[in-house]
Amino acid sequence: MSSNVAASGRSNMKFLYAGIVIALILAVLAPFLASPDPDGLESAAGGVVSEEKLAEMEEAGSVFSSPMPDYGIEGMGKSGEVAAIVAGTLLVLGISYGLGKIIKK
Amino acid sequence: MHIPDSFIPLSQAIIYWIIALPFIFMSIRWAGKEMDDTKVPILAALAAGIFAIQALNIPIGMGTSGHMVGATLVAIIFASPWAGVLVLTLVLLVQGFVFADGGITTMGANILNMGVISGFVGYYTFSALMKSRLSLQISAFVGAWLGLLVSALACAVQMYLAGTFPLVPGLVAMGTYHFIIGLIGEGLITAVAITAIASSRPDLLENKSLARGVKA
């Protein structure tokens with residue numbers, strides 16, 4: 001039984017490594033492959049909200065100043081976008097792994 | 001579908017946070033009961049993969065794009081919608097604070113839509129379809145698609161209550177775009193990912209009957 005658990009633990013680490021590789025490939029490709037078109041919510045807003053109100057909302061902006069808004073680093077173009085998304089992927093990886101270890105049974 | 005701060009007045013945004021908090025709490029409780037050393041790597045791999053794939057917007061025509069949400073995929077793998085809530089909460093926290101993708105005041109609404117509604121609708125639709133003996137692929141595809149569509153309609157209702165969108169045009173626009181995003185971005189990718197996992201690591205799916213269905 002304990003050897004089964006150890007074996008599944010090892011193959012789950014393989015799953016983690018494969019997951020990291022896939023995530024990093026996606027992160028590196030995303031700035032080049034992702035569609036620049038507005039997403040469904042933004043498109044809907046563009047279609048059903050008056051221009052005045054859209055401008056008001058634009059002006060209101062966000063309540064928090066994020067370090068890498070829109071998945072980019074100012075003045076770094078595509079390489080900044082790659083760096084930002086890779087950094088985000090590793091951050092989510094670290095937080096979820098760490099939190100998982102802390103709250104596990 | 002990440003709602004920015006300016007789309008919902010603060011008084012209403014707080015209400016969505018209050019509704020979302022018990023779900024977040026329950027998802028942490030789920031992890032406390034179900035996570036062990038061997039499952040943490042799976043959770044982390046899925047969270048990282050979902051963050052990355054959410055950066056990959058797929059064009060759907062009409063000058064619009066969309067991306068996968070992923071709560072249904074995570075819920076199917078762990079056989080619990082709470083897993084989807086937990087992963088989406090972590091992803092949305094990083095997206096909101098680090099990348100200004102989705103607001104901070106509206107993060108409660110975003111967690112509610114993408115983590116709770118899409119994951120619960122997606123997972124229970126998937127389960128019902130599996131019980132009615134549909135294939136793993138079709139169940140995953142339809143579940144993920146419906147989860148995304150319903151969460152987009154919920155978002156349109158929130159936009160109406162916020163005074164941001166008119167009700168019917170908002171529902172029609174959000175429904176139309178996410179009907180399509182759900183097919184490609186959510187349904188197809190979820191079905192492909194579940195099929196790949198069920199054939200390479202059938203032991204991984206918590207619900208063993210799923211793996212049996214694939215092997216047969």
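In what follows, chains carry the letters A, B, and so on, assigned in the order in which the sequence lines appear, proteins first and then strands, with residues in each chain numbered from 1.
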Pairwise side-chain contact, F78(B) with E34(B), heavy-atom cut-off 4.5 Å (strictly under): no
Contact leader toward chain A among D101(B), I42(B), V94(B), where contacts are heavy-atom pairs under 4.5 Å: I42(B)
What part of I3(B) gets closer than 4.5 Å to chain A, counting heavy atoms only: side chain, backbone, both or neither? both
Heavy-atom nearest pair, L171(B) first then A156(B), reads CD2-CB, 3.8 Å
So which part of Y177(B) gets closer than 4.5 Å to some heavy atom of chain A, the side chain, the backbone, both or neither? side chain
Identify which part of I58(B) has an atom lying under 4.5 Å from any heavy atom of chain A, answering side chain, backbone, both or neither. backbone
Against chain A, label H67(B) side chain, backbone, both or neither, depending on which of its atoms sit under 4.5 Å from a heavy atom there. neither
Consider only side-chain N and O atoms of Q95(B) and N110(B), and report whether a donor and an acceptor are under 3.5 Å apart. no
Cut-off 4.5 Å, heavy atoms of chain B, and the answer for S11(A) is both
Interface check, chain A: of L43(B), T164(B), T105(B), I53(B), most non-hydrogen pairs under 4.5 Å belong to T164(B)
Scanning both residues in full, the closest heavy-atom pair of L148(B) with I181(B) reads CD2-CG2, 3.7 Å
Contact winner vs chain B - S66(A), G72(A), G19(A), heavy-atom pairs under 4.5 Å: S66(A)
Would you confirm whether K78(A), through its side chain, and F32(A), through its main-chain N or O, come within 3.5 Å as a donor-acceptor pair? no
Determine whether I117(B) and C155(B) make a side-chain contact, defined as any pair of heavy atoms from C-beta on separated by less than 4.5 Å. no
Got F7(B) and T106(B) here, is their nearest side-chain heavy-atom distance under 4.5 Å? no
Can you find a heavy atom in the side chain of K39(B) that is under 4.5 Å from one in the side chain of K104(A)? no
I'd like to check T176(B) versus V172(B) (side-chain heavy atoms, cut-off strictly below 4.5 Å). Are they in contact? yes
Spell out the residues in residues 183-192 of chain B that have some non-hydrogen atom less than 4.5 Å away from a non-hydrogen atom of chain A, in order of number; otherwise answer 'none'. none
Chain B: which of A23(A), G40(A), P69(A), S50(A) shares the most heavy-atom pairs with it under 4.5 Å? G40(A)
Would you call M159(B) and V48(A) a side-chain contact if the rule is heavy atoms closer than 4.5 Å? no
Determine whether a donor-acceptor pair (N or O, by modelled atom type, separation under 3.5 Å) exists between the side chain of T64(B) and the backbone of I60(B). no
Under 4.5 Å, counting heavy-atom pairs only, tell me which of A34(A), S65(A), G100(A) racks up the most with chain B. A34(A)
For chain A, find which of G32(B), P4(B), P169(B) contributes the most heavy-atom pairs closer than 4.5 angstrom. G32(B)
Looking at chain B, which one of A30(A), G94(A), G9(A), G88(A) has the largest number of heavy-atom pairs inside 4.5 Å, strictly under? G88(A)
I'd like to know which of A48(B), A173(B), S200(B) tops the heavy-atom pair count under 4.5 Å against chain A. A48(B)
Look at F15(A), Y97(A), Y71(A) and state which one has the largest set of heavy-atom pairs under 4.5 Å with chain B. Y71(A)
Against chain A, work out which of G103(B), G66(B), P166(B) has the most heavy-atom pairs shorter than 4.5 Å and name it. P166(B)
Honestly, the part of A45(A) sitting under 4.5 Å from a heavy atom of chain B is both
Polar side-chain atom of T72(B) near backbone of A144(B) as donor-acceptor pair, under 3.5 Å: no
For S65(B) and S35(A), the nearest pair of non-hydrogen atoms, with its separation, is CB-OG, 3.4 Å
Short side-chain to backbone donor-acceptor contact, S151(B) and S118(B), under 3.5 Å: no
What part of K53(A) is in contact with chain B, defined as an atom under 4.5 angstrom from a non-hydrogen atom: side chain, backbone, both or neither? side chain
Decide side-chain contact (heavy atoms from CB on, under 4.5 Å) for I194(B) and F141(B); before the verdict, give the C-alpha distance in whole Å, the side-chain angles of both, and the deciding distance to 0.1 Å. CA-CA 9 Å; I194(B) 287 291; F141(B) 179 91; over 6 Å; no
Regarding D5(B) and S62(A), is there a side-chain donor-to-acceptor distance under 3.5 Å anywhere? no
Please look at V98(B) and chain A and tell me whether the side chain, the backbone, both or neither of the residue comes under 4.5 angstrom of a heavy atom of that chain. both
Is it the side chain or the backbone of I22(A) that comes within 4.5 Å of chain B heavy atoms, both, or neither? neither
Per-residue contact mode, L24(A) against chain B (heavy atom under 4.5 angstrom): neither
Please check if the side chain of E42(A) supplies one atom and the backbone of D39(A) the other of a donor-acceptor pair under 3.5 Å. yes
Which of the residues H178(B), R201(B), H2(B) is involved in the greatest number of heavy-atom pairs with chain A at under 4.5 angstrom? R201(B)
Greatest number of heavy atom pairs closer than 4.5 Å to chain B - which of M13(A), K14(A), K101(A): K101(A)
